[in-house]
Undergrad: 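Take this structure, written in structure tokens, and hold onto it; I'll ask about it next.
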Amino acid sequence: MLEKRELGRSGLQLSPIGLGCWQFSKGENTAGRYWDSLEDTTMQEIIRISLNGGMNWFDTAEVYGSGASERVLASSLDAMDIGMEEAKIATKWWPMARKASSIEATIEARKDALNQRPIHLYQIHQPFSLSSVEQQMTSMARLHRTGKIGAVGVSNFSQKAMIESNEVLDTFDIPLASNQVKYSLLDRTIEKNGLLDAAKEHQIAVIAYSPLEQGLLTGKFHEDPSLIQQTAGPRKWMSKFRSSGLEKTEPLIQTLRYYAEKYDVTPSQIALNWMVQYHEGHVFVIPGASKPKHAEDNAGAMAFSLTREELLHISDESWKVQ
Ligand SMILES: NC(=O)c1ccc[n+]([C@@H]2O[C@H](COP(=O)([O-])OP(=O)(O)OC[C@H]3O[C@@H](n4cnc5c(N)ncnc54)[C@H](OP(=O)(O)O)[C@@H]3O)[C@@H](O)[C@H]2O)c1
């Protein structure tokens, strides 16, 4: 089993894989309609299986169903009697048309949505607040100092904004723990634009979202392209889910299948194992799940280790389909 590791220099010990909880938005608000609405019992089961499989943290956000995801996460953990420190919670402030003052003004609403569970990692969801990075990080530092939040993170921040965030926090003696960005074997932008190298240099962890490229890297849509028509949100209109897109990425899926057979695991597990091992502990992943079996599958990606030679081979095959 892959060990827990520190998120940047935050002191927070997290499993390399956490559960992404956007799927728990219950179809509420625009962000929530991206996914099918799930039953409460299904979500609780997904959470239970994730914890049993060795995940010790959950990534949610204010904007996921206007708090619906936070509420179902907290009520499920409460119903299963999971201790406050047994399950670590990462959530995010939504900056749209808001100033930094809203970070502190809305923190009690986030705590209420989470049934007063601790916020172990609080992230700025997007870099488009009406206030400067300095003002946002100053608000985050105040919340950290008063114990309202644990570690401080950002999401979708450019290399420049990430480094500036780190510098502002540094004046308060607080490290920037992480930058949550899109990253997968089918999207290696952060390796091309220098963000990942800069994060490594400053010991800021990368939390990779959409690590399975929203299901594409499981190979299920390559196996049965008609599946995409049964999904609720906009994925069916994206070129990568159409036949030409599937054809382009098929060679990488074949590579994942090859190693899946070798290790008696699934292609998704190979993709996730690659993500958390290739950069030697620097990258965390948060695959979402809409079924309990997804959670079981994804947690199982921490139960084996690809060799360095295999990691390099998968990397080479992935570059060919970028
Ligand atoms: N910070 C940000 O701006 C941002 C943006 C996007 C996501 N996120 C976070 O990152 C998390 C993950 O990203 P994501 O949901 O976009 O993409 P993802 O994790 O790559 O894909 C999740 C989807 O893949 C399918 N899936 C997952 N595991 C599977 C398995 N083992 N077997 C078969 N299918 C499987 C499911 O699709 P079906 O539902 O079709 O079965 C699931 O809904 C989110 O939940 C959220 O917490 C953050």
Side-chain angles (χ1 to χ4, degrees), residues 2 5 7-8 16-18 20 22 59 123 125-127 153-163 176-222 235 238-242 244-260 265-288 298 301-302 305-322:
L2 300 181
R5 37 173 92 150
L7 188 78
I17 303 182
W22 181 14
D59 178 76
Q123 304 156 100
H125 203 144
Q126 292 280 355
V154 294
S155 175
N156 297 302
F157 272 37
S158 67
Q159 179 180 337
K160 187 168 168 277
M162 172 182 81
I163 289 173
L176 177 68
S178 52
N179 190 3
Q180 183 179 136
V181 289
K182 185 167 185 294
Y183 181 52
S184 80
L185 276 165
L186 287 174
D187 183 352
R188 300 181 70 174
T189 308
I190 61 165
E191 286 176 88
K192 289 185 262 185
N193 67 13
L195 187 145
L196 182 58
D197 282 342
K200 284 181 183 174
E201 187 191 329
H202 294 274
Q203 290 177 273
I204 301 162
V206 162
I207 299 177
Y209 72 71
S210 307
L212 291 171
E213 205 61 32
Q214 302 201 323
L216 217 49
L217 284 162
T218 67
K220 65 182 177 183
F221 297 112
H222 293 79
R235 283 180 294 173
M238 296 178 182
S239 56
K240 62 189 173 187
F241 286 94
R242 291 172 180 237
S244 57
L246 295 174
E247 242 169 66
K248 182 183 166 209
T249 51
E250 175 73 25
L252 176 62
I253 301 300
Q254 291 294 357
T255 305
L256 299 180
R257 286 189 185 129
Y258 167 81
Y259 286 111
V265 297
T266 63
S268 332
Q269 290 177 325
I270 298 294
L272 294 175
N273 191 274
W274 183 89
M275 300 276 299
V276 295
Q277 295 228 91
Y278 185 66
H279 298 286
E280 287 159 356
H282 205 84
V283 172
F284 293 74
V285 297
I286 44 169
N298 299 342
M302 294 187 284
S305 292
L306 293 161
T307 66
R308 183 56 36 193
E309 203 184 2
E310 291 166 343
L311 293 168
L312 288 168
H313 178 226
I314 294 167
S315 173
D316 288 347
E317 294 304 308
S318 137
W319 281 120
K320 290 180 192 165
V321 297
Q322 297 302 303

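All residue numbers refer to positions in the sequence shown, counting from 1.
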Undergrad: Indicate the atoms forming the closest heavy-atom contact of H279 with K200, along with that distance.
TA: ND1-NZ, 3.1 Å
Undergrad: Just by distance, do the side chain of S178 and the backbone of Q180 share a donor-acceptor pair under 3.5 Å?
TA: no
Undergrad: Do the side chains of L312 and Y278 get nearer than 4.5 Å, heavy atoms only?
TA: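 A side-chain contact under 4.5 Å exists here.
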Undergrad: Looking at S158 and L195, what are the two nearest heavy atoms and their distance?
TA: C-CD1, 3.9 Å
Undergrad: To the nearest 0.5 angstrom, please state how far the CG atom of L217 sits from the CG atom of L252.
TA: 6.0 Å
Undergrad: Where do S315 and W274 come nearest, in terms of heavy atoms and distance?
TA: N-NE1, 3.7 Å
Undergrad: Determine yes or no for a side-chain-to-main-chain donor-acceptor pair under 3.5 angstrom, with N179 supplying the side chain and V206 the backbone.
TA: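 Such a contact is absent between N179 side chain and V206 backbone.
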Undergrad: I'd like to know if the side chain of S318 and the backbone of L185 have a donor-acceptor N/O pair within less than 3.5 Å.
TA: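 Present.
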Undergrad: Rounded to the nearest 0.5 Å, what separates atom OH in Y259 from atom OG1 in T266?
TA: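 These two atoms lie 16.0 Å from each other.
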Undergrad: To the nearest 0.5 Å, tell me how far W22 CH2 sits from Q214 CD.
TA: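 If I round to the nearest 0.5 Å, the distance is 5.5 Å.
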Undergrad: Got a salt bridge between R5 and E280, using NZ or NE/NH1/NH2 to carboxylate O under 4.0 Å?
TA: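 No, this pair does not count.
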Undergrad: Taking H282 for the side chain and I204 for the main chain, is one N or O donor matched with an acceptor at less than 3.5 Å?
TA: yes
Undergrad: What's the shortest heavy-atom distance between L176 and G153, and which atoms?
TA: CD1-CA, 3.9 Å
Undergrad: Starting at CD of Q159, measure out to CD1 of I190 and round the result to the nearest 0.5 Å.
TA: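 Q159 CD to I190 CD1: 11.0 Å, rounded to 0.5 Å.
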Undergrad: Between L196 and V283, does the side-chain contact (heavy atoms from CB on, under 4.5 Å) criterion hold? Intermediate values first, please.
TA: CA-CA 9 Å; L196 182 58; V283 172; 4.2 Å; yes
Undergrad: Is a donor on one side and an acceptor on the other found under 3.5 Å between the side chain of R188 and the backbone of Q322?
TA: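 Such a contact is absent between R188 side chain and Q322 backbone.
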Undergrad: At what distance, to the nearest 0.5 angstrom, does CG of N156 lie from OH of Y209?
TA: 3.5 Å
Undergrad: Can you tell me how far the CG atom of L306 sits from the CD1 atom of I314, to the nearest 0.5 Å?
TA: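 It comes to 5.0 Å.
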Undergrad: Taking the side chain as everything from C-beta on, heavy atoms only, tell me whether I17 gets closer than 4.5 Å to P287.
TA: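 Sidechains of P287 and I17: in contact.
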Undergrad: The test is side-chain contact (heavy atoms from CB on, under 4.5 Å); show your working for M302 and V276 and say whether it passes.
TA: CA-CA 9 Å; M302 294 187 284; V276 295; 5.7 Å; no
Undergrad: Are side-chain heavy atoms of I253 and L246 found at a separation under 4.5 Å?
TA: no
Undergrad: Would you call E213 and K182 a salt bridge, taking side-chain N to carboxylate O under 4.0 Å as the test?
TA: yes
Undergrad: Going through the checks in order, is the side-chain contact (heavy atoms from CB on, under 4.5 Å) test met by K240 and T249?
TA: CA-CA 8 Å; K240 62 189 173 187; T249 51; over 6 Å; no
Undergrad: Is any side-chain heavy atom of Q269 closer than 4.5 Å to a side-chain heavy atom of L256?
TA: no
Undergrad: Just checking, is any N or O donor in the side chain of Q277 or N273 under 3.5 Å from an acceptor N or O on the other one?
TA: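 Checked: Q277/N273 side chains pair up, N/O donor to acceptor below 3.5 Å.
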Undergrad: List the atom of R235, the atom of F241, and the distance in Å for their closest heavy-atom pair.
TA: O-CD1, 3.5 Å
Undergrad: Side chains of H313 and Y258: do they bring a donor and an acceptor to under 3.5 Å?
TA: no
